[in-house]
Amino acid sequence: MIQDLSDWLGISGRSTLEQPRITLAILMGETPDYKPTLNLPKTSFPMKANLAQAEPATLARWQSADIAEAVASARAGAPPFVFHDGPPYANGSIHVGHLLNKVLKDIVVRSVGMEGRNCHYIPGWDCHGLPIEHRVMTTLVESGKAAKIDTLSDDHRRMAIRRECAAYATKQIKAQSTQMQRLLTLADYENPYFTMQPEYEAGTLEVFAGLLERGFVFRQLKPVHWSIANQTALAEAELEYEDRVDPSIYVDFEAADRAKVDAVFGVECECTPSFMIWTTTPWTLPANLAIAVHPTHHYALVELDGALTVIAAEMLAKVTTLVGATAVKSLATVLGSALVGLEYRHPFCDRTGRIVAADYVTMEDGTGLVHTAPGHGDDDYRTGLREGLEIYCPVQGDGTFDATVPQWLQGKIVWDANGLVVEHLRTSGHLVHALDFTHSYPHDWRSRTPVIFRATEQWFIGVDRPAVGAGARTGESLRSMAMDAVNNSIKFVPQWGHSRMKGMIENRPDWCISRQRAWGLPIPAFRTSDEGIFMTAASVRAVAQCVRTKGSDAWFTRAPSELLASYDAASDPDAPKTLKLDQLTKLYDIFDVWFEAGSSWNSVLRHRGVGFPSELYLEGSDQHRGWFQLSMLPALGVVGSAPFRTLVTHGFLVDRDGKKMSKSAGNALDVDVLLKDFGAEVARWWVSSVAYDGDIRIDLDYFKVAGESYRKVRNTLRFLLSNLYDAPSWSESEVIALACASASESIDGWLMGELVALETEVRAAYSDYDFRRAHLALFNFCNETLSSVYCAAVKDRLYCDAAASPRRRQTQAVLRTAVEVLVRLLAPFLPHTAEEAWMALRGANAPLLFVQTHLDLAARGGRLTTRDARWKDVMLARSAVSKALEGAKSLGIENPLDAACTLPDAHGTLAPFASELADLCGVSQVKLDATAQVVTIADLRSLPRCDRSWRRDGTVRQRSDGGMLCDRDAQSVGV
RNA sequence: GCGCCAGUAGCUCAGCUGGCUAGAGCACACCCCUGAUAAGGGUGAGGUCGAAGGUUCGAGUCCUUUCUGGCGCACCA
């Protein structure tokens, strides 16, 4: 609604449009140029961030000034915040997952530091293990060195490999460290921890000694992939799957007691029935101890060409066709569970086995009755453990049978045994059918020979064994302690981590901690002269002492007596009575790398005096099963409590379609490219914006978005800084006091209220690890509160008021306070940019931003600590004006300074703000009207425009210098 | 197959214990400014809330099933 100008002014009779005096200047056609008289913005803080070049410079400055050390000493006496880095594996270039993880951690380190806490963050690396050994071995094989190494003695061979691995790991760590520092992360990179450091290894052995002492450690048979050619256990990564032809045989196992089978099926058999099994590894039959059936599938007793056989009902047709049976008659059917407990006679070993139930039995291949040899299969092994069967493995390391099998098999190698077994079964009448079967079969990646599954002795940490001896929580098992910790003492962020980890702990099996490799920390066990095992808590501690100074290489280069130099059998209650140290020989199992990483709370937090427990562990959600759990179990066993109070997990990065990232799929983003194209700050800004608790989509486009948003924040900072070039050099407390003294009804007062709220909100979000919330609050504050509202409103007074006018100075005090607050709040996300702004504000010799703490305006702001609720109406009025102005454009009022507006103010709520409304709405004049219903716009284009402020506020007239100026500008210029 | 999680405008996300016409930012369209200018401002158009059932006076919000995707585990005798 547009009113006539004279109506609006309410001065229709008396015109303010006086005939201006015609000055000489105007006669001469000269208009004074007022631009030089304005206080236009000026700053050294550039609009263009140029991050790809500027960040490395900042980094170099930080490194040469050792800011990690500077921050540490500044916080020396402050309350500690213990935060512990989970060690990434020292292999390969860092990927975007590392970027996410390390930046999130750095945000914690820096935000906690800004709160004044002392956070000594030590970065770590996981160094041992198969991926490195595998990679090194591949190189050695390719270069032909492996053959030479193989000719060395065991200790020398292992040392040769270990030296290569250590060199490789060291190189990887160096490269990764550089990349992580390039992400502008703040950590003690001068003193990182590596799991291969001697002191670290000693710390790991101490943990192991503690577990041994509490009775959690035991040795037991377990099937592993075994290379006959190399006489070693192999890990999954060392296997290559190739097609292989094996005999596929169907075998009848005769029931031990006909009457019991009769009873189960409710029929009377005329001859002894059999259970038909299927296998493609006939050589494992000598180790058969059981037959597994599925408890809820149906099994039929059938007459097959005169013989009675039990077979899964579902498999009947398939099997009879295959074996070519002509007369098939099903006599009765029962559930698998009914068969459980029945016994059968082993076809060629003098013993009986029994039927057991197993859920993993499928109806895809075979007969639905699964040959079970606990010494030769993982499933079989678990079934065996559950059923209390012996983990029987008659096959020796060289692939031959021992003396426990029938004589015709003794000493035969398993591959020859296949044929022998088949022939034997054929002769004895147990073989129902045999054919060749081609399947994918694991092979040793080095010798290219097929591997076998063979039970070997391994070390375990039992999760259900009660703690024994003196110490915390005697009688409790690791599982029960872990359940207690998960349920009662650990805080999970996000919350669902609780149920996830609980489920995992409920189900986890005993922890197999031994590996048969060279690149790792040896399990310091010895073999005694009478073939026993010697390893006690005290002996492990003695070896730990040796390792502390000489490293774990000592195990390979020293004699047992040297390794046990500090061991005193007399004072070791667990020492075997007949112990003869000089007759010990070393065993060569190494620790699962998870055990090493899982001991970091001891090797790093306790040994280096950082503090225990850690306030926080922060890793990807895969670590619920990994590092979190495998750190918690040893700590519970040794200390009785978890090594962390809070677990924060982040999800995994997926591509824009939600698909997993992988190099092979070609959807992986290269960190170096991101840093080059966007800079670490934009990457960090993106990380801070992400909802990290679930899957995180990542794409170049999202970095573009983050870059835009970063620029917005940067430009807002720039605007603030650029209007402070001539501000008095207030001290921090002076400027805060001045800013906080802003009148509640002033734009400055409003901004101060918003600023206090922002500081409170962002700090709370940081402490909740809700970085996204902090990010959004900061962005909205810069984008909306500052850029769109405050800066726009305050421009006029900053540019046009006399430089030293109280009103302008007041606003400058608020601007300065806003920068002080923002720079601190932004520092955890954007350390480089925040510091850049900080130095633009305080000069290059300013004290280090990262040793500052938050201003804590809420505690210092007096009446501004809460927002003034009256501003809500003012802001509503402001947006109503925006809309009205939009409508006025069609009438030719395109520039808001050409407009005046009337605001309805029935209850006088706007009245106290009257003097600020024109600036706030960006128009030349505002009038309040108690009777108006809607905002109305008036066209001021026929009023003279101030040459300096471009406003048409009704006071514009020609001044002594010949220019058309409003009162305020005339005063500013002094005419 | 099992456990945990997610699925709301083109994109990233808010929507608490179920209740007015489902919100924000970005992107987009149109416009303004040219004294934050390889900047700044305004307005606007975008959604059958993965799908199907159910509970309820009423569901994006609760229950069941299902689809898609992620993490972890198990499995191929």
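Within every chain, numbering begins at 1; the chains are lettered A, B, ... in the order of the sequence lines, protein sequences first and strands thereafter.
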Pair A:Asn288-A:Phe253, side chain to side chain contact (heavy atoms under 4.5 Å, CB included): steps then yes or no:
CA-CA 11 Å; A:Asn288 173 283; A:Phe253 282 19; 3.6 Å; yes
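Between A:His371 and A:Asp380, the side chains place no donor N or O within less than 3.5 Å of an acceptor N or O (distance only, hydrogens not considered).
For the pair A:Lys795 and B:rG40, the criterion of a side-chain N or O lying under 4.0 Å from OP1 or OP2 is not met. When the side-chain nitrogen and oxygen atoms of A:Ser787 are compared with OP1 and OP2 of B:rG41, one or more of them lie within a distance under 4.0 Å. Between A:Asn783 and B:rC26 there is a side-chain N or O to OP1 or OP2 distance below 4.0 Å. Taking side-chain N and O atoms only, A:Arg718 has a distance below 4.0 Å to OP1 or OP2 of B:rU37. Close to B:rG42, at under 4.0 Å from its OP1 or OP2, lies a side-chain N or O of A:Ser788. The phosphate of B:rG35 has OP1 or OP2 within less than 4.0 Å of a side-chain N or O from A:Lys35. For the OP1/OP2 pair of B:rG35 and a distance below 4.0 Å, the side-chain nitrogens and oxygens of A:Tyr799 include no atom meeting the criterion. Taking only side-chain nitrogens and oxygens, A:Arg697 comes nearer than 4.0 Å to OP1 or OP2 of B:rU12.
Within the nucleic acid shown, A:Ser621 comes within 4.0 Å of sugar-phosphate atoms alone, with no base atom in reach, counting heavy atoms only. Counting any heavy atom pair closer than 4.0 Å across all strands shown, A:Lys502 reaches no nucleic acid atom. A:Arg948 comes within contact range of at least one nucleobase, with a heavy-atom separation under 4.0 Å.
Considering only side-chain atoms of A:Phe652, the nucleotide from B:rC26, B:rG70, B:rU12 that sits closest is B:rG70. For A:Asn715, taking side-chain heavy atoms from C-beta onward, the closest of the listed nucleotides B:rC26, B:rG40, B:rC4 is B:rG40. Comparing B:rC71, B:rA77, B:rG25 by their nearest atom to the side chain of A:Asp622 picks out B:rC71.
Under a 3.5 Å cut-off, the side chain of A:Ser722 and the backbone N or O of A:Pro41 do not form any donor-acceptor pair.
Contact check of residues 368-376 of chain A against RNA chain B (heavy atom, cut-off under 4.0 Å) returns A:Val370, A:His371.
Two residues, A:His439 and A:Glu708, neighbour RNA chain B, and the one matched to the more 5' nucleotide by heavy-atom proximity is A:Glu708. Positionally, the nearest nucleotide of RNA chain B for A:Leu40 lies more toward the 5' end than for the other of A:Leu40 and A:Val654.
From A:Tyr725, atom OH reaches atom CG of A:Asn723 across 7.0 Å, with rounding to the nearest 0.5 Å.
The aromatic rings of A:Tyr692 and A:Phe771 are tilted relative to each other, their planes meeting at an angle between 30° and 60°.
Side-chain atoms of A:Arg508 and base atoms of B:rC73 include no donor and acceptor less than 3.5 Å apart.
In this structure the side chain of A:Ile452 reaches within 4.5 angstrom of the side chain of A:Val414, judged on heavy atoms.
The aromatic ring of A:Phe719 does not stack onto the base of B:rG40, failing the criterion of a centre distance under 5.5 Å from the six-membered base ring together with planes under 30° apart.
A:Phe45 carries A:Arg714 over the face of its six-membered ring, with the cationic atom under 6.0 Å from the centre and within 45° of the normal.
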